[in-house]
Number of protein chains: 2
Amino acid sequence: MTRVLVVDDEPAIVRALVINLRARSYEVDAAHDGAGALRTAAARHPDVVVLDLGLPDMDGVEVIRGLRGWTRVPILVLSARHASEEKVQALDAGADDYVTKPFGMDELLARLRAAVRRAEPVGDGGDTVVETATFTVDLAAKKVNRDGKDVRLTPTEWHLLEVLVRGGGRLVAQKQLLREVWGPSYGTETNYLRVYMAQLRRKLEADPSHPKHFITEPGMGYRFEK
Amino acid sequence: MTRVLVVDDEPAIVRALVINLRARSYEVDAAHDGAGALRTAAARHPDVVVLDLGLPDMDGVEVIRGLRGWTRVPILVLSARHASEEKVQALDAGADDYVTKPFGMDELLARLRAAVRRAEPVGDGGDTVVETATFTVDLAAKKVNRDGKDVRLTPTEWHLLEVLVRGGGRLVAQKQLLREVWGPSYGTETNYLRVYMAQLRRKLEADPSHPKHFITEPGMGYRFEK
DNA sequence: CACCGGCGTCAGGGTCGCGTCAAGGACGCT
DNA sequence: AGCGTCCTTGACGCGACCCTGACGCCGGTG
């Protein structure tokens with residue numbers, strides 16, 4: 001199920017969007033200002049954000065920057081402004097698309113589909129299955145297999161595993177892990193990492209006390225190794 | 001260098017795009033019909049395609065499908081048609097964006113940047129690997145390899161190495177090293193440098209007492225040499 | 001030849017980060 | 001309402017890392 005975050009201060013527009021999206025079985029959250037948008041995004045981790053630029057509390061571009069500080073979620077900007085200047089600013093701040101009001105619902109939905117499709121994890125040429133000596137991760141199917149049996153992971157465990165595996169052998173900083181999994185305000189709670197890394201290792205490592213795949217780089221972060 | 005494929009049957013538009021893109025140091029190929037577009041895309045592997053829908057030889061949506069059959073390259077559609085129907089078809093066929101003519105060049109370029117930015121993999125920016133006779137440093141992955149084995153570095157060691165390597169053979173002053181690694185208030189603690197340079201040399205130099213890569217410039221600073 | 005500043009080396013001690021365990025509490029399901 | 005799952009939070013021990021001081025070496029200088 002695709003989760004959409006709709007941000008607009010005009011209730012009529014939010015209503016219209018929510019109805020249309022729910023009818024197409026999207027899961028929809030809504031926020032009516034910039035602060036709420038950032039908060040909700042952090043809490044709910046939407047798959048795509050529809051963002052009105054004319055918010056009461058903060059500049060739309062600031063909202064984009066706030067999101068881009070910790071996530072690459074597609075952002076589809078809505079705006080009444082037709083000026084080229086505005087569009088360029090929003091796009092360069094990290095928006096993925098820009099639609100001017102009034103907009104056609106069909107078109108908006110098509111652009112939304114395009115944004116979501118693009119973000120799908122099917123990497124260029126690479127496939128979504130990563131195999132190690134002791135277990136196999138299928139990122140698309142969201143499944144982990146070990147000794148022929150599926151391993152049950154909690155949502156948080158999954159998210160953490162996902163970020164690590166996507167890192168592809170690169171070191172992932174603690175701060176980045178925390179922000180991507182728990183949200184932008186959790187940059188320092190390294191104890192979460194310790195607890196959940198222990199969980200992952202217990203479930204996936206052959207010898208959890210001597211991890212071969214989830215490597216700690218003290219003081220810096222963690223690394224996933226095949 | 002980013003490679004763009006421009007597809008349009010109107011020479012004036014192609015000319016305008018080519019000039020503007022080249023001026024921003026994109027590498028540009030051009031095609032004037034669908035068949036040429038597919039052929040050129042296959043031959044040149046562009047990083048992004050700007051595609052006019054009104055081509056003489058085939059339907060624009062067919063071109064999109066032809067591309068999508070084998071590549072996920074971003075496709076930015078240009079069209080004179082404002083109809084919602086057209087946009088939806090193009091986007092659902094696999095286009096990434098849809099701009100109606102006449103278009104503002106600034107906006108088009110911004111959308112182009114957005115499309116390219118989105119497509120590039122995380123952090124895989126430039127050439128982050130530096131190789132020497134005895135070891136290899138991967139700045140993005142934060143990995144050092146020596147004789148096929150990974151070398152474990154502490155955060156401080158890493159930071160120091162990073163600053164030196166980024167210096168790219170130039171002399172880096174002691175004060176600068178101290179400030180960048182330990183913080184702005186540490187301009188004089190040169191003993192830190194001596195200790196950590198010794199660590200780095202012990203871990204990375206073939207003969208730590210006769211360093212070939214971490215060169216001391218007495219009284220001035222240190223230099224990293226390939 | 002004695003002195004001195006800069007550098008490399010070594011070893012010890014305090015501190016911090018990491019792994020582990022367990023309990024509390026929120027939430028959803030039956 | 002009861003239950004289980006999952007997330008959060010705190011405490012604790014241990015090992016690693018960072019700092020620090022002492023010492024020897026070397027080249028330059030008076």
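Just so it is clear, the values below take in all heavy atoms, side chains as well, and ignore hydrogens, waters and symmetry mates. So you know, we letter chains A, B, ... as the sequences are listed, proteins then strands, and number each from 1.
Contact annotation: B/R194 side-chain N/O to C/dT9 OP1/OP2 distance is not under 4.0 Å.
Here the P atom of nucleotide C/dG17 and the OH atom of A/Y192 are 17 Å apart, to the nearest Å. Across the protein-nucleic acid pair, B/L200 atom CG and C/dG8 atom P stand 12 Å apart, rounded to whole Å. We find that CD of A/E189 is positioned 14 Å from P of C/dC18, with the value rounded to whole Å. Distance B/Q199 CD to C/dC10 P: 10 Å, rounded to the nearest Å. Atom CZ in B/R202 sits about 6 Å away from atom P in C/dC10, given to the nearest Å.
Of the N and O atoms on the side chains of B/D106 and A/S84, not one donor lies less than 3.5 Å from an acceptor on the other residue. Of the N and O atoms on the side chains of B/S209 and B/R202, not one donor lies less than 3.5 Å from an acceptor on the other residue. Between B/T132 and B/R146, the side chains place no donor N or O within less than 3.5 Å of an acceptor N or O (distance only, hydrogens not considered).
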Please list, one pair per line, the donor and acceptor atoms closer than 3.5 Å that link side chains of residues 182-189 of chain B to other protein atoms, with sequence neighbours excluded.
none

Please table the atom pairs, donor to acceptor, closer than 3.5 Å between any side-chain atom in residues 219-226 of chain B and protein atoms at least two apart or in another chain.
unit_1: B/R223; atom_1: NE; unit_2: B/E217; atom_2: OE2; d: 3.0
unit_1: B/R223; atom_1: NH1; unit_2: B/G169; atom_2: O; d: 3.0
unit_1: B/R223; atom_1: NH2; unit_2: B/E217; atom_2: OE2; d: 2.7

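If you walk DNA chain D from 5' to 3' and mark each nucleotide with an atom closer than 4.0 Å to a heavy atom of chain A, the marks span D/dT5 to D/dT9.
The environment of NE2 in A/H32 is sparse: at most 12 heavy-atom neighbours from other residues, nucleotides or ligands sit within 6.0 Å. Around CZ of B/R68, the count of heavy atoms belonging to other residues, nucleotides or ligands within 6.0 Å exceeds 12.
A salt bridge between B/R111 and A/D97 is present, with a side-chain N of the basic residue lying under 4.0 Å from a carboxylate O of the acidic one. Salt-bridge annotation for B/K212 and B/D207: absent, with no side-chain N of the basic residue lying under 4.0 Å from a carboxylate O of the acidic one.
Of the residues in residues 206-226 of chain B, not one places a heavy atom less than 4.0 Å from an atom of DNA chain D. DNA chain C is contacted by B/Q174 of residues 166-181 of chain B, taking any non-hydrogen atom closer than 4.0 Å.
Between the CZ atom in B/R117 and the CG atom in B/L112 there is a gap of 11.0 Å [rounded to 0.5 Å].
Residues satisfying the side-chain contact (heavy atoms from CB on, under 4.5 Å) test with B/D147, not counting sequence neighbours, are none.
Nucleic acid contact for B/R152: sugar-phosphate only, since backbone atoms but no base atoms lie under 4.0 Å from a heavy atom of the residue.
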